[in-house]
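Structure first, then comments.
These numbers were taken from a predicted model, which means no experiment stands behind them. Naming convention: chains lettered A, B, ... in sequence-line order (proteins, then strands); numbering from 1 in each chain.
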Amino acid sequence: MGALNLAEWQKLPVSLSELCINTTLRCGQSFRWRKNDAGVWSMALHNRILSLHQDPEYLYYRSIPPAPSVLQAPPTPPCSNPPSIPETVDSKDDTLELIHHYFNLTPKLNDLYNRWSAADSNFARKAPKFTGIRILKQDAWEALVGFICSSNNNISRIGQMVHKLCVNYGPLLGHFDGEAYHDFPPPQALANDGVEAKLRGLGFGYRAKYLHQTACIVSSKPEGWLDSLRNPESPAFDIKPLAPALSNDDFPPQGREGYLKAHASLLELQGVGPKVADCVCLMGLGWGEAIPVDTHVWQIAQRDYKFGKGKHASLTKDTYAAIGAKFRGLWGREAGWAQSVLFTANLRAFTEQLVGKKEEVKIEEDVRVKMEEGGEEVVRDVVKVEKVVEKGVKRPYEDDGEKKVVEISESVKTRKRKKRQP
DNA sequence: CCACGACCTACTCA
DNA sequence: ATGAGTAGGTCGT
């Protein structure tokens, strides 16, 4: 564990319930962040290498600009202002603004959680263990590519694939912590001949064709086409935002017109179905009402919201729309955000095995999970224990009905796996 | 429209 | 040590 000299960092006061990067950055929104042994998250973003660290009081940050020779210069941050004052942003450093934008920090998260909890007892029950989750405002193209990769796939491999895209097609920004950081490749970089074959060789499988075809389509459109599908209240970084409307009144259950337009436009791309389109709408285009219905959300809808029977017995197009409408009616204009919180709560059951490929998996206490340290690779299983559940049997959905909702207690089993014995 | 099966790969678990 | 099963879906029939 390298000693973190946080005195050299800039910092922003923020509570873990308003923002928890350890949850937000690992819940399957963005696939590009990397965390080192010292607990520092880093990613190439907007032409710089952004590094973050969080404790219960502050979010620490610093960025390395793309200097021509970012070689091995001691990790001196580019800023020279004393760290005593949290907010002295020197006029040309827009890192704080970038963080504010990327992490979508304007809404008061506690207020949102309270609103969603008041409207929905299920949310009220599940959310307290998963506070601080924010919907990131990601680049639309990056979100599109990432979620095309996500089909029939797991988060670990998605991350590997996105990383390969950056290494092979993205411009090198610099080095940090002994690793190269590439920016995300633009559409044109994936539209060249031979890209599909190369991606196949890199292990992308059938998604290689989708990526190439989609890159061709997007780069054939006028510049800025993707961003033209944005929610105007949620512009890209560098564009001044409008005052967002906060009322849920008159919010159409099917979503606003611009959202529907964006969703329909995205469906024309290869490898983009309704779920991926909604992911891009929500996390890349700022449409808070987008509800990506994947297998997990479908399970949640059945288990907790009475879907899966009668008219909505299977996940048809109609059922998909009905789930979105139901959630929007329940939670309002940021329904996709609320849904992501429940999604993350559901994801937890098997999220532990994903991230740590080479490093040990470390779960911070702010994820509210007890952790046991082990010298070896730690694999954690969260087992849902209901009345009588055969171990190993996947219990899809309990058609609850409020009454017979058995208290689902979760026990965390931690076991250490030894690296394979020779 | 809806129902089905195929689709790449890496990793986990019997 | 091998093989089935699976992971935040989409496409063609």
As a test of understanding, state which of A:L172, A:N168, A:L165, A:L173 forms a side-chain contact (heavy atoms from CB on, under 4.5 Å) with A:H182.
A:L172
Classify the angle between the aromatic ring planes of A:W331 and A:Y305 as parallel (below 30°), tilted (30 to 60°) or perpendicular (above 60°).
perpendicular
Kindly state which residues belonging to residues 282-292 of chain A come within less than 4.0 angstrom of DNA chain B, counting heavy atoms of the residue only, listed by number.
none
Minimum heavy-atom distance between A:C149 and A:L211, given as atom pair plus value:
SG-CD1, 3.9 Å
Check whether A:Y320 forms a cation-pi arrangement with A:K275 (NZ or CZ under 6.0 Å from the six-membered ring centre, at most 45° off the ring normal).
no
Round to the nearest Å and state the distance from A:E268 atom CD to C:dC11 atom P.
12 Å
With sugar-phosphate meaning primed atoms plus P, OP1 and OP2, does A:Q339 contact a base, only sugar-phosphate, or nothing at under 4.0 Å between heavy atoms?
nothing
I want to confirm an ordering. Mapping A:L269 and A:V297 to their closest nucleotides on DNA chain C, which one lands closer to the 5' end?
A:V297
Among residues 201-208 of chain A, which residues get a heavy atom nearer than 4.0 Å to DNA chain B?
A:G203, A:G205, A:Y206, A:R207
Could you check whether A:G28 gets within reach of a base, just the sugar-phosphate, or nothing at all, counting any heavy atom under 4.0 Å?
base
With a distance cut-off below 6.0 Å to the six-membered ring centre and an angular limit of 45° from the axis, does A:K11 pair with A:Y58 as a cation-pi contact?
yes
Separation of A:K209 atom NZ from C:dT10 atom P, in whole Å?
16 Å
Is the NZ or CZ atom of A:R34 positioned over A:Y181's six-membered ring, under 6.0 angstrom from the centre and within 45° of the axis?
yes
Please map the stems of DNA chain C, keeping only stretches of three or more Watson-Crick or G-U wobble pairs with both distances under 3.5 angstrom.
B:3-7 with C:9-13, B:9-14 with C:2-7
